[in-house]
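Structure, as structure tokens:
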Amino acid sequence: QVQLVESGGGLVQPGGSLRLSCAASGEIIGIGVMGWYRQVPGNARELVATIDVDGTTKDADSVKGRFTISRDDAKKTVYLQMTSLKPDDTAVYYCTAQGVTAVENDVLYRNQELWGRGTVVTVSS
């Protein structure tokens, strides 16, 4: 089974920090863009940040200067370092991997898109 698993969410006070991690598992050969999205109940899932294979990053305007995305290809893991957290950052955070090449049941699949199940981040006093 090829999957992504997020970790690191929790309750934090405004102005605090959290680091989210997302590890890919299974017979994965390669991964293209990795990223983080977040979703508040009743709202659409929105892009937070992405990072390409060469390290190129894109951040949503709402998190620029506060969040930093990074990846460790050896560990097949993407991270989101969040600082100066605000109550508006409260959401379920999902990681995604695009352009995934993987083997399942001895069959090679290309250009798969994977999503984690989400980790809850609550910013509150």
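Heavy atoms only, all atoms of each residue included: Ile28 and Ala24 are closest at CD1-CB, 3.5 Å. Looking at every heavy atom in both residues, Ala44 comes nearest to Gln39 through C-NE2, 4.1 Å. The heavy-atom pair separating Lys76 from Gly26 by the smallest distance is NZ-O, 3.5 Å.
Counting heavy atoms from C-beta outward, Ser124 and Leu11 have side chains that approach closer than 4.5 Å. Taking the side chain as every heavy atom from C-beta outward, Leu20 and Met82 approach each other to under 4.5 Å.
Here the rule is side chain to side chain contact (heavy atoms under 4.5 Å, CB included) with Leu4, and of Leu114, Thr77, Val78, Val100 only Leu114 fits it.
Pairs engaging residues 112-125 under the salt bridge (charged side-chain N to carboxylate O under 4.0 Å, His left out) rule: none recorded [sequence neighbours left out]. Evaluation of the disulfide bond (SG atoms under 2.5 Å apart) test over residues 12-41, restricted to residues two or more places apart or in two chains, returns Cys22-Cys95.
Other members of a hydrophobic cluster containing Val40 are absent, since no ILVMFWY side chain comes under 4.5 Å of it, directly or through relayed contacts. Apart from Val107 itself, the hydrophobic cluster it occupies contains Tyr109, where clustering links Ile, Leu, Val, Met, Phe, Trp and Tyr at side-chain heavy-atom distances under 4.5 Å. Using a 4.5 Å cut-off between side-chain heavy atoms of Ile, Leu, Val, Met, Phe, Trp and Tyr, Val33 forms no hydrophobic cluster with any other residue.
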Just do the side-chain contact (heavy atoms from CB on, under 4.5 Å) check on Leu108 and Ile29 with the steps written out, would you? CA-CA 9 Å; Leu108 181 67; Ile29 297 172; 3.6 Å; yes
Would you sort out whether Arg38 and Val92 count as a side-chain contact (heavy atoms from CB on, under 4.5 Å), showing the intermediate values? CA-CA 5 Å; Arg38 65 187 182 187; Val92 180; over 6 Å; no
Could you walk me through whether Glu6 and Tyr93 pass side-chain contact (heavy atoms from CB on, under 4.5 Å), step by step? CA-CA 8 Å; Glu6 302 100 335; Tyr93 284 71; over 6 Å; no
Please determine whether side-chain contact (heavy atoms from CB on, under 4.5 Å) holds for the pair Ser25 and Gln3, giving the CA-CA distance in whole Å, both sets of side-chain angles, and the decisive distance to 0.1 Å. CA-CA 6 Å; Ser25 62; Gln3 60 182 11; 3.3 Å; yes
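Under the 4.5 Å side-chain heavy-atom criterion for grouping Ile, Leu, Val, Met, Phe, Trp and Tyr, Trp115 is not connected to Val121 through any hydrophobic cluster. Under the 4.5 Å side-chain heavy-atom criterion for grouping Ile, Leu, Val, Met, Phe, Trp and Tyr, Tyr79 is not connected to Tyr94 through any hydrophobic cluster.
At distances below 3.5 Å, not a single donor-acceptor pair connects side-chain atoms of Thr50 with backbone N or O atoms of Gly35. Using modelled atom types, one side-chain atom of Thr119 and one backbone atom of Gly9 make a donor-acceptor pair closer than 3.5 Å.
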Check residues 63-74 and write down every donor-acceptor pair under 3.5 Å in which the side-chain atom is one partner and the other belongs to a residue at least two apart or another chain.
unit_1, atom_1, unit_2, atom_2, d
Lys64, NZ, Asp59, O, 2.7
Lys64, NZ, Asp61, OD1, 3.2
Arg66, NH1, Ser84, O, 3.0
Arg66, NH1, Asp89, OD2, 2.8
Arg66, NH2, Ser62, O, 2.8
Arg66, NH2, Asp89, OD1, 3.1
Arg71, NE, Asp73, OD1, 2.8
Arg71, NH1, Gly32, O, 2.7
Arg71, NH1, Ile51, O, 3.2
Arg71, NH1, Asp52, O, 3.4
Arg71, NH2, Ile31, O, 3.4
Arg71, NH2, Gly32, O, 3.2
Arg71, NH2, Asp73, OD1, 3.0
Asp72, OD1, Ala74, N, 3.1
Asp72, OD1, Lys75, N, 3.3

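To the nearest 0.5 angstrom, Leu80 atom CG is 12.0 Å from Met34 atom CE.
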